[in-house]
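Down below is the structure, laid out as structure tokens.
Just so you know, these numbers use all the heavy atoms, side chains as well, and skip hydrogens, waters and symmetry mates.
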There are 2 protein chains.
Amino acid sequence: MPEQVQTLRRTPLSRERILRAAVALADEAGIESLSMRNLAQDLGVVPMALYKHVANKDELLDGMIDVVVGEIDPPVPGTDWKQSVRRRILSARRALRRHPWAPLAIESRTMATPAILAYLDSVVATLRAGGFSTDLAHHVMHAMGSRILGFSQELFDPSRQAGRSGATNPDPPAALPAEVAARFPHLAEISTAASHDGDTVVGQGCDDQFEFEFALDLLLDGIERLQRQGWSSSRRSHRKDQDEA
Amino acid sequence: MPEQVQTLRRTPLSRERILRAAVALADEAGIESLSMRNLAQDLGVVPMALYKHVANKDELLDGMIDVVVGEIDPPVPGTDWKQSVRRRILSARRALRRHPWAPLAIESRTMATPAILAYLDSVVATLRAGGFSTDLAHHVMHAMGSRILGFSQELFDPSRQAGRSGATNPDPPAALPAEVAARFPHLAEISTAASHDGDTVVGQGCDDQFEFEFALDLLLDGIERLQRQGWSSSRRSHRKDQDEA
DNA sequence: TTGACGGGTGTACGGCGTACACCTATGGTG
DNA sequence: CACCATAGGTGTACGCCGTACACCCGTCAA
């Protein structure tokens, strides 16, 4: 009987349970309130108990990242490389948008958990299967870089105003505030552009998903062009500075 | 006399001096050892003295970012948009590489210091002067995103092995370790590709600068194509899923 | 002469990650 | 059945962090 009471009172803790709780906590309360102490409390346990299952907080973060990366859909084998890579990347983006803390966490880590390496590896595999030379595949992976592979945030978002100056308005989320608009006229002009679907004109900012796919397709189309013409880094068409103008 | 002793003993502290010292400290010792206490000590002052010049640590970081962004070269007016943007972005990259902590700091901030906004604004100005519609300029800025505008690190770097598993070798910097290579064969294959200049073949990893410019030019070329054909988001050629395969 | 004030000081608080010693229930072995 | 090793949860404590708050002192305007 006392045994039952105990087993009911708490499931016995484990690396999995800790990681899931940590991800949930970060999702709900933000990464900045993910402390060993808070996490332990959520699990109904004393902080030091966690250290029997994860070595330290960094290892905890690595584990959390692997959880998120594990949510990326596996590749679908039938399609051509472009479709396949495109789908995979959009899936990665979806996974990361479910866990807004993840991009920064990934970038701040020293590097590459096994799950991330596995993801990257499988993307390379798709390229190679699609006829890419190792050389081109190499550069393509670099070009996709952090942002396009699904990691990393959007930097360009003029609707978030500068940190300094008056703390007047509490939260007017759309369109950048008049003061900023005045100082940065080109940003102001830009920020109301982009009438995506019909022409709603002065919009609520812009469609992140559209922008992401715009950049993604810009790269994919360029890459396709290179691949079709058998690009190789040894006979490259660089040194832009003389063949232009 | 005692006045002279004092004025000699320390220059009187100021926001500028604090910011410069903070940047120097972060450059030398890493951002993780930039604490108010360490910084104060470097300045020969008690920690709380700093708060007479910066509101708190976040504002200090904002100031540091502005210092770095301020190092980006101003635009040169004569050239065409493509040259101009290209040069500007490479200058931004140079500035950020002098301060390796900066990209992460920039991305982790809520958003956009005045200096960053000014930088973005001037890039937009160049595009507009080059004949870009506000619409296209908008999307282009998004496409450049964090990575290409000079911010954000390189994510893809297989030579840094996974965190877990044995902590055996102290620092073998080049080429990914056999164990990892075995588990991720495509990454292994890729990592030794990219014979950049002549054909040194199995290299020491790869040329970051080359990879950066590869991605940059991929985007710039694609953007140029769009601009020449008068691209607009209303008559876009999206919905990839049906015109392919 | 005075008194306001800008700027450096000292103390203290609450939160963090985590080292280390401890306790206790469990389960394999004699 | 008795034993004790061990896995896993506990409690205390240390040193770091950011920073609130009271203080104090030199300078300068009135």
Taking CD1 from B/I18 and C1' from D/dG18, how many angstroms apart are they, rounded to a whole number? 15 Å
Any chance you could lay out the salt bridge (Lys or Arg N to Asp or Glu O under 4.0 Å) test for A/R109 and A/D62, step after step, and finish with the verdict? CA-CA 8 Å; A/R109 296 253 54 72; A/D62 280 351; 2.8 Å; yes
Are the side chain of A/K52 and the backbone N or O of A/L13 linked by a donor-acceptor pair below 3.5 Å? no
Closest of D/dG9, C/dT11, C/dG8 to the B/L13 side chain is C/dG8
d(CD, A/Q41; C1', D/dT10) in whole Å: 16 Å
What's the CG-C1' distance between A/L61 and C/dG17, to the nearest Å? 12 Å
Which protein N or O atoms sit under 3.5 Å from an N or O of nucleotides 12-16 of chain C?
{"residue": "C/dC16", "atom": "OP1", "partner": "A/S35", "partner atom": "OG", "Å": "3.1"}

In whole Å, I'd like the distance from the NE2 atom of B/H53 to the C1' atom of D/dT19. 16 Å
Applying side-chain contact (heavy atoms from CB on, under 4.5 Å), run through A/R94 and A/E71 and close with a yes or a no. CA-CA 9 Å; A/R94 261 178 270 124; A/E71 292 179 9; over 6 Å; no
Start at the 5' end of DNA chain D and walk down; is the nucleotide closest to B/K52 or to B/A55 reached first? B/A55
Integer-rounded Å distance: D/dC17 C1' and B/L50 CG: 14 Å
Can a side-chain donor-acceptor contact be found between A/T113 and A/D66 if the only test is distance below 3.5 angstrom? yes
Please identify each residue that fulfils salt bridge (Lys or Arg N to Asp or Glu O under 4.0 Å) with B/R37, with sequence neighbours left out. none
Interatomic distance, B/M48 CE vs D/dC23 P [rounded to whole Å]: 15 Å
Side-chain donor-acceptor pairs of residues 19-31 of chain A under 3.5 Å, sequence neighbours excluded:
{"residue": "A/D27", "atom": "OD1", "partner": "A/H99", "partner atom": "ND1", "Å": "2.9"}
{"residue": "A/D27", "atom": "OD1", "partner": "A/W101", "partner atom": "NE1", "Å": "2.5"}
{"residue": "A/D27", "atom": "OD2", "partner": "A/H99", "partner atom": "ND1", "Å": "2.8"}

